[in-house]
Amino acid sequence: MLFLYNTLTRRGEEFQPQEPGRVRMYVCGPNLYGPCHVGHAFSYIAFDVLRRYLEFRGFDVIHVQNFTDIEDRIIETARSQGKTVSELAENYISRFFRETDALHIKRAHYYPRATEFIPRMIEMIQSLLANGSAYALDGDVYFRVRRFPAYGRLSHRSPDEMMSGARIEIDPRKEDPLDFALWKGAKPGEPSWDSPWGPGRPGWHIECSAMSTVLLGETIDIHGGGQDLVFPHHENEIAQSEAYTGKAPFVRFWLHNGLLRPSPEEDKMTRHLANFVSCQEALQKYSPDALRLFMLSSHYRTALTWSEEAVAAAESGVERLKVALRPAYGGAGEAIGLPETAKKARDAFLAAMDDDLNTPQAIASIFELARGINQARDEGQGGGSFDEAQAVLRELAEILGLRLEKKVEIDETTRKHLEEQIAQRERLRIEKRWAEADRIRQELAKEGFLLEDTPAGTVWRKI
RNA sequence: GGCGACGUGGCCAAGUGGUUAAGGCAGGGGUCUGCAAAACCCCGAUCGGCGGUUCGAAUCCGCCCGUCGCCUCCA
C-alpha cells in the first residue's frame, strides 16, 4: 500500500486512483522567463520518482506538465532582451528538454503551453462571470474569492487572517484585496489575445485549471509542485476550477516538494535565479546520477540546501554502486547468502517507497545490497544468484532513475591504445618488471585512465 | 502580525514512544595486493537547551535559543 502525504489533509493517505489502474497526474512546470535551475530539477526529479514508482507498482500514469509561456516576467524579460515572447519561450523550452533528458527525467505525456489554451480559458472565465464567481473591471477580470467558501483550505489559512498586500500594493479597484486576476487587459505594446473584455492575456493561475481539466478531466488524482505554489497558485486553482466545474475535489492528492535552497554562503537573497546554480552548470560539473542521488538522499518534502560538497559525496556513492555492477570473479561457486540479502533489500526498498516515497531510506537499502554483492565478489562467489542480485540492484536503481552506466565515451583508437598498453603492462608484470609496469600506469593516469588489477584481470576506469 | 518547517556523529541525511539511533561521504585502523586502486572488515553520535508527561522519549507537551519558508514573481 502506497501512502502519500496530502497537503490538503496534512496526513499520509493511502493512494488509490479514481479509475482503477490509471493515475492522472499534473505537475507544475516552469515559467519560461529563464533557464531551469537545480531547484526546478529537485521538484521534477521528485515527481519523476513518484511517476516511476507508480508505474513500477503497475499503474498506467498519464503525466502532464505545463509550460507557462505568457506571463508578466516573460514579457518583461523578452522586452529587455529585444526578443519576442515566443522566441524566448521556445529557447527555454528546448533547453528544458535538453536538461531534463540529461537528468533522466521521464518525459511527460503532454506538455501543454498556456498560449495554446487561451480559448478554453476565455470560456472558463465567461462561465465564472456568469455564475457570479468573477467580475470584470476595465478590461480585467477578477475572481471573487469571498464567493468561494473553501478558499484557504489547501494552505490552511482563512481569508480574514491573511495580510493582503504584505508584499505588493493593493489594487483599490478590487472588491477584495484577495481577489486575483483571471484576465489582464493588455497595456500598449504587450502581447495580447482578443476577448469579450478587450485585448489581454490570461492571469497566471487559470492556465493550469484549463489545461488540467481539458487533458485530465474535472477531478484528477495528483497535482504536484513546489511548496511555494501552495499559496496562492494552487489555492486559486482550486477556487476557479471548482467554481467552474461545480465539482469537488478538483484534485484528490496535493503533493508539494520542499524547496531547494542555495548554499548559505553563496547569497542571502534566494529570490532570484541569479543566486541559483542552473541545471546546465550543475550538469557540467556532476553526473546526472550524482545529482539525483544527492537530491533523493533527502526526503522530497524536506527543504534541502544545495551543497557542492554533498553532491561530490553523492558522486562517490554512485561510483560504489557502479562497482557493485561489475561482473563476478567466480571460482567459489554460487553466492549462497545473496538471494536473501537481495530480497531483504528489495522488501525494505519498497516499504520505504510506500511510506510517502522515503527515498533516503530506500537508498540505504540499495547500498546494503551493493555491499552484499561486493562482498560476494570479494569472496570469489558468483553464479546465477550473483547475477540476480545485480538485476535487483538495477531494478531498484531504475525506480530512482539512476542509470549506473559505465560511461564509455572513448573512440576506437583510444580503446585500442588502452588495450595494447594494458597487455604490455601485463607482460611486464609477469616478468616482475614493476618499475616499467608502473610507468605505463602512470602514463595512462595522465591520459585520464585509472587501472585496477582484479582477480579477473586489469580493468580501466575514466577519472 | 498570521501560518508552517527545521535543529540527529566532521559533512549530508533517515528514524517520530520501547531491539545495539539507518544509509552515504570524509577520517582512523585492518584484510587483500609486487605496488596502487577498488572492495570488504572494524572504529565514532544519546539526538539545540531547560522543564514536564510516561514504566520508558531523539520521538508527545510547554518554554527558550537558533535557522528557514509562505502570506499574490517563484519548482
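This structure is a prediction, so every number in the text was calculated from the model and none was measured. Naming convention: chains lettered A, B, ... in sequence-line order (proteins, then strands); numbering from 1 in each chain.
In terms of the side chain to side chain donor-acceptor pair (under 3.5 Å) criterion, A/K344 has no residue partners (sequence neighbours excluded). For A/Y110, there are no ring-ring contact (aromatic ring centres under 6.0 Å, His included) partners, not counting sequence neighbours.
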For residues 437-445 of chain A, which side-chain donor-acceptor pairs fall under 3.5 Å, sequence neighbours excluded?
none

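Of the residues in residues 329-346 of chain A, not one places a heavy atom less than 4.0 Å from an atom of RNA chain B. RNA chain B lies under 4.0 Å from at least one heavy atom of each of the following residues of residues 434-457 of chain A: A/W434, A/D438, A/R441, A/L450, A/L451, A/E452, A/D453.
The residue A/S365 sits apart from the nucleic acid: no heavy atom pair falls under 4.0 Å. Among the atoms of the strands shown, base atoms are found under 4.0 Å from some heavy atom of A/R425. Using a 4.0 Å heavy-atom cutoff across all strands shown, A/A364 reaches at least one base atom of the nucleic acid. When heavy atoms are screened at a 4.0 angstrom cut-off, A/H205 is found touching no nucleic acid atom at all. Among the protein residues, A/R10 comes within range of the sugar-phosphate backbone only, with heavy atoms under 4.0 Å from sugar or phosphate atoms but none that close to a base. A/S297 comes within contact range of the sugar-phosphate backbone alone, with a heavy-atom separation under 4.0 Å but no base atom that close. Among the protein residues, A/E319 comes within range of no part of the nucleic acid, since none of its heavy atoms lies under 4.0 Å from any strand.
Cation-pi contact between A/R107 and A/F97: present, with separation from the ring centre below 6.0 Å and deviation from the ring axis of at most 45°.
Listed pair A/T302 / B/A14 meets the phosphate criterion, a side-chain N or O lying under 4.0 Å from OP1 or OP2. Between B/C41 and A/R371, a contact under 4.0 Å exists linking OP1 or OP2 to a side-chain N or O. Proximity of A/R261 to the phosphate of B/U67: no side-chain N or O atom is located under 4.0 Å from OP1 or OP2. Applying the 4.0 Å criterion to OP1 and OP2 of B/C25, one finds that A/R320 has a side-chain N or O inside that range. Here A/N374 reaches the OP1 or OP2 of B/C40: one of its side-chain N or O atoms lies under 4.0 Å away.
For the pair A/L293 and A/D378, both in contact range of RNA chain B, the more 5′-proximal nearest nucleotide belongs to A/L293.
Counting only N and O atoms by type, the side chains of A/N374 and A/R371 include no donor and acceptor under 3.5 Å apart. Donor-acceptor pairing under 3.5 Å is lacking for the side chains of A/D378 and A/Y329.
Checking B/C68 for Watson-Crick or G-U wobble geometry (two distances, each under 3.5 Å) identifies B/G4 as its partner.
Applying the salt bridge (Lys or Arg N to Asp or Glu O under 4.0 Å) test to pairs two or more places apart or on separate chains, those with a residue in residues 386-402 of chain A are A/R52-A/E398, A/R346-A/E395.
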